[in-house]
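What you see is a predicted model, and the numbers here were worked out from it, not measured in a lab. For the numbers below, each heavy atom of this structure counts, side chains included, while hydrogens, waters and symmetry mates do not.
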There are 2 protein chains.
Amino acid sequence: MRLVVARCSARYSGRLNAHLPLATRLVLVKADGSVLLHSDGGSYKPLNWMSPPCSLAIGEPDAEAVERGVSQVWTVQHAKSDDRLVVEVHEVLHDSAHELGVDPGLVKDGVEAHLQELLAAQIDLLGGGHTLVRREFPTAIGPVDILARDAAGVAVAIEIKRRGDIDGVEQLTRYLELLNRDPHLAPVRGVFAAQEIKPQARVLATDRGIACVVLDYDAMRGVDDVDSRLF
Amino acid sequence: MRLVVARCSARYSGRLNAHLPLATRLVLVKADGSVLLHSDGGSYKPLNWMSPPCSLAIGEPDAEAVERGVSQVWTVQHAKSDDRLVVEVHEVLHDSAHELGVDPGLVKDGVEAHLQELLAAQIDLLGGGHTLVRREFPTAIGPVDILARDAAGVAVAIEIKRRGDIDGVEQLTRYLELLNRDPHLAPVRGVFAAQEIKPQARVLATDRGIACVVLDYDAMRGVDDVDSRLF
DNA sequence: AGCTGTATGTCGGGC
DNA sequence: GCCCGACGTACAGCT
């Protein structure tokens, strides 16, 4: 990783065209050739960047650029697309390189995928006698989180969210419409399951005959595996 | 802006809980107190971070942490929520500070608004004889991008996206439902126009009788203005 | 301030 | 590799 603090301007062309006026910024060059231009504020998103795979070439400015005070031209070219970032470096204020090695990466806890696993394993939380058909049950417009059957054998489509919002109800509604056209499945009931269900989402779901189930993540995890979880 | 390269581990708790094992990383502290942990690969997104407004406090490790080799504990606390990032610094390999000043920010060019202008000006791309009624045609739930009439005088509501996704089809569907209640307009046809239309969105649109049109931005721009474009 | 739609989104998982 | 949905989405524009 190379850290350069420099007065520079930049131009990006690719999915859009954009331009950064001259100012002092951090230019971060990662081991894979990717480049990030950071200002001293804002969010974690750089002002401009090039994602890997890409290659960095450092060259001399032409006469016109020299006239404008440019000392180096950094061209970062994406390997597959024609995305390109050109940085005109005027003055370098800091330049250091560091060996970081491979990063083990972030370990997350408590996401939707895990909720889905847990509910699939404890499908009778929906009521006694429920059986799992499959997770990620495919439809023409995308997979339903869980398809199950209740004690009476009626198909149940389940949409799982960490936070149950109106979007999730809309999503489930689309799935139900499609699934109910399949004579092997119809009629299909809908269940909207989330750790927390927003009042508006509950109203909409109820209005459409979709049941709401609030999931207790900690309780479900406790049932499923008493051990595990790194922390 | 302060740049620190250090062997460190970190823990984030807030909307989720996450943990970074010990490794060598860049710790970037911005002037507003925000902190970014970057590895030497990946994209522009940090492994972990804290967005402003937040405050950084550097403290001593407790006895147990010293035992594990921790030399400093950096606690970054979000000002409004209870989001918190705790970095345990084991060894500092580089530490430098830099004055960057205010950044003028990125200047963009060429987004959805421009597509809308172009299609309004070239409305016959939808078929000969189409005429523009108006852009941003108002409805109770928001403006339709374009309202037009075809050669036969039938009203056509057009939703424009750069990338045509299912959400866009839903949006247009809501508009069509409302517009079709207006006896002066009904029946209203729907057209979903985008530079790229996802297969699932196309399936849903077609199923609802909405036509799909793929827009060639470069060709449309070429027709509309041979000159212009700042760069 | 809350809501909505966009994003050079990025990221991870299934097929 | 494509396609799709989640994300600590972030962010800008508008009501």
Participant: Here's a test of your reading of the structure: between B:R174 and A:M50, which maps to the more 5' nucleotide of DNA chain C?
Facilitator: B:R174
Participant: Given C:dC15, C:dT6, D:dG5, which nucleotide is nearest the side-chain atoms of A:R134?
Facilitator: C:dC15
Participant: Mind checking if A:Y44 touches a base, just sugar-phosphate, or nothing, with heavy atoms under 4.0 Å?
Facilitator: sugar-phosphate
Participant: Determine: side-chain N/O of A:R162 to OP1/OP2 of D:dT9, distance under 4.0 Å, yes or no.
Facilitator: yes
Participant: Measure from the side-chain heavy atoms of A:P143 and tell me the nearest of C:dT10, D:dA10, D:dC4.
Facilitator: D:dC4
Participant: Rounded to whole angstrom units, what separation is found between the CG atom of A:D32 and the P atom of C:dT10?
Facilitator: 13 Å
Participant: Using a strict threshold of under 4.0 Å (side-chain N to carboxylate O), is an ion pair present between B:R174 and B:E159?
Facilitator: no
Participant: What contact category does A:E159 fall into here, base, sugar-phosphate, or nothing, at under 4.0 angstrom with non-hydrogen atoms?
Facilitator: sugar-phosphate
Participant: Measuring only the P atom in each nucleotide, how far is C:dT4 from D:dG8? A whole number of Å is fine.
Facilitator: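 Comparing P positions in C:dT4 and D:dG8 gives a spacing of 22 Å.
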Participant: Give A:S51 one of three labels, base, sugar-phosphate or nothing, depending on what nucleic acid heavy atoms sit under 4.0 Å from its own.
Facilitator: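 If one applies the 4.0 Å heavy-atom cut-off, A:S51 turns out to touch the sugar-phosphate alone, with no base involved.
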Participant: Taking the side chain of A:K161 as its heavy atoms from C-beta onward, which of D:dA6, D:dG5, D:dG8 lies nearest to it?
Facilitator: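 Side chain of A:K161 sits closest to D:dA6.
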Participant: Give B:L106 one of three labels, base, sugar-phosphate or nothing, depending on what nucleic acid heavy atoms sit under 4.0 Å from its own.
Facilitator: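 Base contact.
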Participant: Would you mind telling me which residue lines up with the more 5' stretch of DNA chain C, A:G14 or A:R135, judged by nearest nucleotide?
Facilitator: A:G14
Participant: Need one value for A:F137: base, sugar-phosphate or nothing, where a base atom within 4.0 Å counts as base even if backbone is also close, heavy atoms only.
Facilitator: nothing
Participant: May I have the distance from A:Y12 (atom OH) to C:dA7 (atom P), rounded to whole angstrom?
Facilitator: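 In whole Å, C:dA7 P and A:Y12 OH are 12 Å from each other.
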Participant: If you only use heavy atoms from C-beta on, which nucleotide in C:dG5, D:dT9, C:dT10 is closest to the side chain of B:R15?
Facilitator: D:dT9
Participant: Please state how far atom CD in A:Q116 lies from atom C1' in D:dC7, giving the value in whole angstrom units.
Facilitator: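 Taking CD of A:Q116 and C1' of D:dC7, I get 16 Å after rounding.
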Participant: When the distance from OH of B:Y175 to P of C:dT4 is rounded to whole Å, what number comes out?
Facilitator: 11 Å
Participant: Rounded to the nearest angstrom, tell me the gap between atom CG in A:D103 and atom P in C:dC11.
Facilitator: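 After rounding, the reported distance stands at 13 Å.
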Participant: Report the C-alpha separation of A:L26 and A:L37 in whole Å, then their side-chain angles, then the decisive distance to 0.1 Å, and conclude whether the side chain to side chain contact (heavy atoms under 4.5 Å, CB included) test is met.
Facilitator: CA-CA 6 Å; A:L26 168 67; A:L37 297 180; over 6 Å; no
Participant: Could you check which of D:dG5, D:dG8, D:dT9 has an atom nearest any side-chain atom of A:Q171?
Facilitator: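 Nearest nucleotide to the side chain: D:dG5.
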Participant: Below the 4.0 Å mark, does D:dC7 have OP1 or OP2 next to a side-chain nitrogen or oxygen of A:K108?
Facilitator: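 Checking D:dC7 against A:K108, no side-chain N or O comes under 4.0 Å of OP1 or OP2.
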Participant: Could you check A:H38 against B:K30 for side chain to side chain donor-acceptor pair (under 3.5 Å), going step by step and ending with a plain yes or no?
Facilitator: CA-CA 9 Å; A:H38 266 284; B:K30 293 194 175 189; 3.1 Å; yes
Participant: For A:D167 and C:dG5, what is the distance between atoms CG and C1' respectively, to the nearest whole Å?
Facilitator: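 Taking atom C1' of C:dG5 as the reference, CG of A:D167 is at 11 Å.
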Participant: Please name all residues satisfying side-chain hydrogen bond (donor to acceptor under 3.5 Å, both in side chains) with A:K45, sequence neighbours left out, ordered by chain then number.
Facilitator: none
Participant: Test side chain to side chain donor-acceptor pair (under 3.5 Å) on A:E136 and A:Q116 and set out the steps.
Facilitator: CA-CA 9 Å; A:E136 303 287 347; A:Q116 191 190 110; 3.1 Å; yes
Participant: If you assign each of A:K80 and B:I166 to its closest nucleotide in DNA chain D, which residue comes earlier from the 5' end?
Facilitator: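 Its nearest nucleotide being more 5', the pick is A:K80.
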Participant: Using the side chain to side chain contact (heavy atoms under 4.5 Å, CB included) criterion, which residues pair with B:R84? Sequence neighbours excluded.
Facilitator: B:S13, B:T75, B:Q77, B:V86
Participant: For B:L20 and D:dG8, what is the distance between atoms CG and P respectively, to the nearest whole Å?
Facilitator: 13 Å
Participant: Any side-chain N or O of A:K45 below 4.0 angstrom from OP1/OP2 of D:dT9?
Facilitator: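 No.
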Participant: CZ of B:R202 versus C1' of D:dC4: gap in Å, rounded?
Facilitator: 17 Å
Participant: Ignoring the backbone of B:S43, work out which of C:dC15, D:dA6, C:dC11 is nearest its side chain.
Facilitator: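 Among C:dC15, D:dA6, C:dC11, the one nearest the side chain of B:S43 is C:dC11.
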